[in-house]
Amino acid sequence: MTGDLFELDAGIEARQQHLAPGAVLLRGFAGAASHSLSDGLQSVIAEAPFRHMVTPGGLSMAVAMTNCGDYGWISDRAGYRYDAIDPESGRPWPPMPEAFPRLVREAAAAAGFNEFVPDACLINRYGTGAKLSLHQDKDERDFGQPIVSVSLGVPATFLFGGTKRAGRTLRVPVQHGDVLVWGGPARLNYHGVLPVKAAHHPFAGTHRINLTLRRAA
Ligand code: MD6
Ligand code: FE
């Protein structure tokens, strides 16, 4: 009996990987919610389809994006920012499906950030070869709030660095259902995604889907 408990504890520990002070990888944390996340995703993209936004420099982004929640992250010739209105439809972004904030609130708490209430959910879709260059998330108002990133579909390598671009960068393999939480001293750490390799996963075919939930306002 005691042996079983110890094994269970060891299992939970092994699934929580500490990346840096304030940054935790929760392996498989979203696995059980996969179906409700998929249903929620379908309802969002029916209202606000994936699109390739343009960088301030005028280049089309490799990652296709959409949003749900009170605010959406957008990029165009004017810059990066959050907006309550989807520029494609002229209407507010679709509401966040209930499963999203429920899951990320639990994930944030498991990582030590209690009472996380996101108001913005960016949804990224990576095709084969798509990548995201190292960057910091600094378009949000309150850096006291963490960021919760849910990986779905085909695997990828997440890059997690420090507060300087030139610093050491961890290569973190992320799979369907893995949840990354970073906040506190890691809130402004550089991060990115290496080019996604050709693969197939029942969740979204050849795509990697990432949900990034934040408190924007
Ligand atoms: C990811 N995305 O897709 C992580 N940050 O796994 C981001 O870190 C991100 O896609 C800021 C703005 C857009 C993004
Ligand atoms: Fe980011």
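Atom set for the values below is all heavy atoms of this structure, side chains included, hydrogens, waters and symmetry mates excluded. Both ligands and their constituent atoms are indexed starting at 1 by order of listing. None of these values were measured; they are calculated from a predicted model.
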message = I need the contact residues for ligand 1: any residue with a non-hydrogen atom closer than 4.0 Å to the ligand, ordered by chain then number.
response = M65, W73, L122, N124, Y126, L132, H135, D137, F158, H191, V193, R208, N210, T212, R214
request  = Report the distance from atom CG of D137 to atom CG of N189, rounding to the nearest 0.5 Å.
outcome  = 10.5 Å
request  = Test V150 against L103 for side chain to side chain contact (heavy atoms under 4.5 Å, CB included), laying out the working first.
outcome  = CA-CA 9 Å; V150 182; L103 173 79; 4.1 Å; yes
query = Under 2.8 Å from the Fe ion (ligand 2), protein N/O/S atom count?
reply = 3
message = For H176 and S151, which I'm curious about, is there any donor-acceptor pair between the side chains at under 3.5 Å?
response = no
task = Taking the side chain as every heavy atom from C-beta outward, state whether D142 and Q145 have any pair of such atoms under 4.5 Å apart.
result = yes
query = Around atom NE2 of H18, are there more than 12 heavy atoms of other residues, nucleotides or ligands at under 6.0 Å?
reply = yes
inquiry  = Hydrogens and angles aside, do W73 and D139 bring a side-chain donor and acceptor to less than 3.5 Å of each other?
reply    = yes
ask   = Does the distance from a Lys or Arg side-chain N to an Asp or Glu carboxylate O, for D76 and R81, drop under 4.0 Å?
value = yes
key: More than 12 heavy atoms of other groups within 6.0 Å of F29 CZ   = yes
ask   = Have R141 and Y82 got a donor and an acceptor in their side chains that come within less than 3.5 Å?
value = no
